Amino acid sequence: MTPAQNVHFLSETDLWYTPQGFFDKYNAIYNFTTDVCALPSNAKCQNFYCPEQDGLKQEWKGNCWMNPPYGKVIKDWMKKAYESSLNGATVVCLVPARTDTHWWHDYVIKGEVEFIKGRLKFGGSKNSAPFPSAVVVFKGKV
């Protein structure tokens with residue numbers, strides 16, 4: 001892999017901190033109660049689940065914000081978001097627009113999808129992300 005390709009396929013982290021202004025736009029619509037996948041330093045809601053609490057093991061209720069790790073575990077987070085909506089939670093997910101993946105076809109297409117124009121500049125980064133993003137909304141169904 002050439003150095004030019006590295007920037008597109010590799011990352012030092014799978015954690016991408018949500019830009020505050022971007023979150024604020026969706027919070028104005030959904031009035032989030034819980035950030036289901038956060039670190040104490042980047043939580044967007046007063047109520048949040050950090051890695052020690054493992055949001056995947058928690059019951060998600062109300063209106064939830066989710067910006068999951070973007071690595072291989074993203075499929076587990078998307079499954080949890082979709083299943084939580086079947087139990088009444090509304091989950092708004094900020095994810096990479098990876099339309100060629102199994103998790104996209106297994107879960108994302110069951111929600112409402114908004115493709116983000118341009119590339120987001122994630123929390124404190126000098127550069128925009130090397131990938132396109134999408135917001136997926138799973139509206140609570142009971």
Side-chain angles (χ1 to χ4, degrees), residues 1-58 60-141:
M1 190 175 301
T2 69
Q5 291 172 314
N6 282 343
V7 72
H8 296 292
F9 298 107
L10 299 176
S11 176
E12 293 177 14
T13 181
D14 63 358
L15 303 175
W16 297 80
Y17 296 4
T18 306
Q20 188 63 47
F22 187 85
F23 171 80
D24 291 344
K25 172 185 167 185
Y26 289 93
N27 191 40
I29 298 166
Y30 293 99
N31 192 28
F32 296 115
T33 55
T34 307
D35 185 339
V36 298
C37 185
L39 297 173
S41 61
N42 72 3
K44 297 298 179 191
C45 300
Q46 185 173 358
N47 297 319
F48 64 92
Y49 301 131
C50 61
E52 294 77 23
Q53 296 162 312
D54 190 353
L56 291 173
K57 294 181 180 175
Q58 305 300 321
W60 298 0
K61 297 179 183 178
N63 293 341
C64 302
W65 173 256
M66 182 181 83
N67 180 3
Y70 287 6
K72 293 180 181 180
V73 297
I74 196 170
K75 69 182 179 306
D76 300 326
W77 289 95
M78 295 307 291
K79 178 181 179 186
K80 176 75 173 184
Y82 171 69
E83 290 175 349
S84 294
S85 74
L86 298 178
N87 292 320
T90 292
V91 185
V92 179
C93 316
L94 174 58
V95 295
R98 295 186 179 142
T99 60
D100 59 336
T101 61
H102 286 287
W103 61 265
W104 188 276
H105 289 270
D106 291 345
Y107 302 107
V108 171
I109 61 172
K110 296 175 182 179
E112 297 174 11
V113 179
E114 176 187 349
F115 292 98
I116 306 305
K117 183 177 181 178
R119 303 279 171 107
L120 288 177
K121 191 176 285 188
F122 286 88
S125 178
K126 293 179 184 177
N127 300 311
S128 298
F131 51 81
S133 298
V135 170
V136 181
V137 180
F138 297 110
K139 290 191 175 173
K141 302 168 181 113

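Fair warning: this is a prediction, and the values are worked out from it, not measured in the lab.
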message: For the residue pair Gln20 / Asp24, report whether a side-chain donor-acceptor contact shorter than 3.5 Å exists.
response: yes
- prompt: Hey, what do you get for NZ (Lys79) to CD1 (Ile74), rounding to the nearest 0.5 Å?
  reply: 15.5 Å
- request: Determine the interplanar angle of the Phe32 and Tyr30 rings, folded into 0 to 90°, and report it as parallel if under 30°, tilted if 30 to 60°, perpendicular if over 60°.
  value: parallel
message: Does any part of the side chain of Cys45, heavy atoms only, come nearer than 4.5 Å to the side chain of Thr33, both counted from C-beta?
response: no
task: Could you tell me whether the side chain of Gln58 and the main chain of Val36 form a donor-acceptor pair under 3.5 Å?
output: no
message: Return the CG to OG1 distance between Asn67 and Thr18, rounded to the nearest 0.5 Å.
response: 3.5 Å
field: side-chain contact (heavy atoms from CB on, under 4.5 Å) between Val113 and Trp104, intermediate numbers included
entry: CA-CA 11 Å; Val113 179; Trp104 188 276; 4.0 Å; yes
task: Begin from the C-alpha positions of Lys75 and His102 and carry the test side-chain contact (heavy atoms from CB on, under 4.5 Å) through to its verdict.
output: CA-CA 8 Å; Lys75 69 182 179 306; His102 286 287; over 6 Å; no
- line: Nearest heavy-atom approach of Thr90 to Gly140 is OG1-N, 3.1 Å
query: To the nearest 0.5 Å, how far apart are CG in Asn27 and CZ in Phe22?
result: 12.5 Å
message: Under a 3.5 Å distance rule, please check whether His105 uses its side chain to pair with a backbone N or O of Thr99 as donor and acceptor.
response: yes
message: Quick check: do Ile116 and Pro132 have side-chain heavy atoms less than 4.5 Å from each other?
response: no
- line: Rounding to 0.5 Å, atoms SG (Cys37) and NZ (Lys80) come to a distance of 12.0 Å
query: Taking the inter-plane angle between the rings of Trp77 and Trp60 on a 0 to 90° scale, is it parallel (under 30°), tilted (30 to 60°) or perpendicular (over 60°)?
result: parallel
query: Above 12 or not: heavy atoms from other molecules or residues under 6.0 Å from NZ of Lys61?
result: no
Test applied, side-chain contact (heavy atoms from CB on, under 4.5 Å); reference residue, Met66; option that passes from Val91, Val136, Leu94: Val91
- request: To the nearest 0.5 angstrom, please state how far the CH2 atom of Trp103 sits from the CG atom of Asp76.
  value: 12.0 Å
message: Show, in sequence, the C-alpha distance, side-chain angles and deciding distance for Tyr49 and Asp54, and conclude whether the side-chain contact (heavy atoms from CB on, under 4.5 Å) test is met.
response: CA-CA 6 Å; Tyr49 301 131; Asp54 190 353; over 6 Å; no
- request: Ignoring hydrogens and angles, tell me if any N or O in the side chain of Asp35 forms a donor-acceptor pair with the backbone of Lys44 under 3.5 Å.
  value: yes
- prompt: Would you say Val92 and Asn63 make side-chain contact, with heavy atoms under 4.5 Å?
  reply: no
message: Minimum heavy-atom separation for Pro51 and Ala38, please, with both atom names.
response: CD-O, 3.4 Å
Rounded distance (nearest 0.5 Å) linking atom NZ of Lys139 with atom OG of Ser85: 11.5 Å
task: Look only at the side chain of Lys110 and the backbone of Phe138, and say whether a donor-acceptor pair between them is shorter than 3.5 Å.
output: no
message: Run the side-chain contact (heavy atoms from CB on, under 4.5 Å) test on Tyr70 and Arg98 for me, step by step, so that the C-alpha distance in whole Å, both residues' side-chain angles and the decisive distance to 0.1 Å come before the verdict.
response: CA-CA 10 Å; Tyr70 287 6; Arg98 295 186 179 142; 4.2 Å; yes
